[in-house]
Amino acid sequence: MKNVVKDVTKIMFFQFLMISFGVLLGNGIALAINKMAGEEVNIVWYFPFEVFLVAFSCTLPTVIMFISKIPYIARIILHFVVLTGVLVLNCFIVGWFDSIKTVIEILTIYILIYIGVWVGTQLMFKNDARKINEALKNNEEED
Amino acid sequence: MKVNIELVDTIDEEIAIIKAHELTKEINEAIELLKNGNSSIPVINNGNIELLPIKKIYYIESIDNKTFIYDKENVYETKQKLYELENLGNNFLRCSKSMIINIKKIKSVRATINAKMECILLNDEKLEIARSYVKDLKLHLGL
């Protein structure tokens with residue numbers, strides 16, 4: 001049990017870092033595009049702290065992925081739904097949803113990050129399997 | 001590597017001394033063979049106690065507080081608990097909460113969509129390795 005808590009905490013910490021980086025980077029790109037399009041861009045001093053608060057909140061649904069009694073695909077769907085709810089709630093609280101355009105931008109970045117992380121994880125698993133199969137060659141011992 | 005063999009009387013203890021610059025994979029395999037190559041464990045087969053050579057074991061599973069040992073074609077019960085069988089040899093690795101696998105009997109592995117690793121044994125039987133145990137498998141294979 002202690003190991004699971006340690007693993008979950010470690011994963012949540014790295015997710016917090018990745019989400020913070022992803023949101024700051026995504027927002028930076030969106031602001032750059034808006035600026036190049038001739039729009040006025042404003043950013044407040046407390047914006048990074050809002051990002052950290054939202055990032056931390058978004059790591060909390062991670063515990064769903066460790067509930068082994070729920071089938072894996074169902075866990076992914078539940079995690080996505082809960083995480084979307086947490087994100088939308090946080091965005092309203094910190095005032096990021098100030099226009100339809102902003103809502104679409106934020107949700108688009110979020111969905112792209114979610115799909116990217118899922119695809120990246122699957123590719124990592126496949127790479128692990130490839131390395132293990134290479135190492136298993138000449139390892140077998142028939143009866 | 002130079003090999004010296006000295007035949008001793010049957011009253012003397014048989015002992016193997018290996019002098020090496022480092023413990024390579026080949027030397028470790030030789031040690032494993034010398035230590036456990038001919039070892040057997042007692043199993044119950046149709047009410048009779050038999051000795052099953054360790055090198056014939058494919059995997060060991062614990063179900064409902066009973067421990068079952070599987071070789072290529074048969075399954076046997078043993079009085080020993082799963083944790084007592086973890087030290088059968090370097091080739092035996094825990095692959096889930098209730099299973100120990102002989103990695104010498106793994107033909108190949110495949111990443112599955114539910115974040116587990118499916119392994120195909122030499123007798124074409126399929127087992128699942130929980131994601132949390134894949135790290136141990138990789139470490140054992142020197143990855």
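The structure displayed is predicted, hence computed values, not measured ones. Quick note on labels: first sequence line is chain A, next is B, and so on, each numbered from 1.
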Considering residues, nucleotides and ligands other than [X], do more than 12 of their heavy atoms fall under 6.0 Å from its [atom1]?
X	atom1	value
A/Phe47	CZ	yes
B/Asn65	CG	no
A/Ile100	CD1	no
A/Phe66	CZ	yes
A/Tyr72	OH	yes

Point to revise | Side-chain donor or acceptor of A/Asn133 paired with backbone N/O of B/Ser108 under 3.5 Å | key: no
Answer with yes or no whether the hydrophobic clustering places [X] together with [Y]; edges join I, L, V, M, F, W, Y residues whose side-chain heavy atoms lie under 4.5 Å apart.
X	Y	answer
A/Val54	A/Val103	yes
B/Val43	B/Leu82	yes
A/Trp118	A/Ile19	yes

Point to revise | Toward chain A, the part of B/Thr112 with a non-hydrogen atom under 4.5 Å | key: backbone
Review point. At what distance, to the nearest 0.5 angstrom, does CG of A/Leu136 lie from NZ of B/Lys104?
Key: 10.0 Å
Exercise for review: Could you tell me the separation between the CD1 atom of B/Ile103 and the CD1 atom of A/Ile132, rounded to the nearest 0.5 Å?
Suggested key: 10.0 Å
Check your understanding: Taking all non-hydrogen atoms of both residues, which atom of A/Ala129 and which atom of B/Met117 are closest, and how far apart?
Key -> CB-SD, 3.8 Å
Check your understanding: By number, which residues in residues 135-143 of chain B have some heavy atom less than 4.5 Å away from chain A?
Key -> B/Leu137, B/Lys138, B/Leu141, B/Leu143
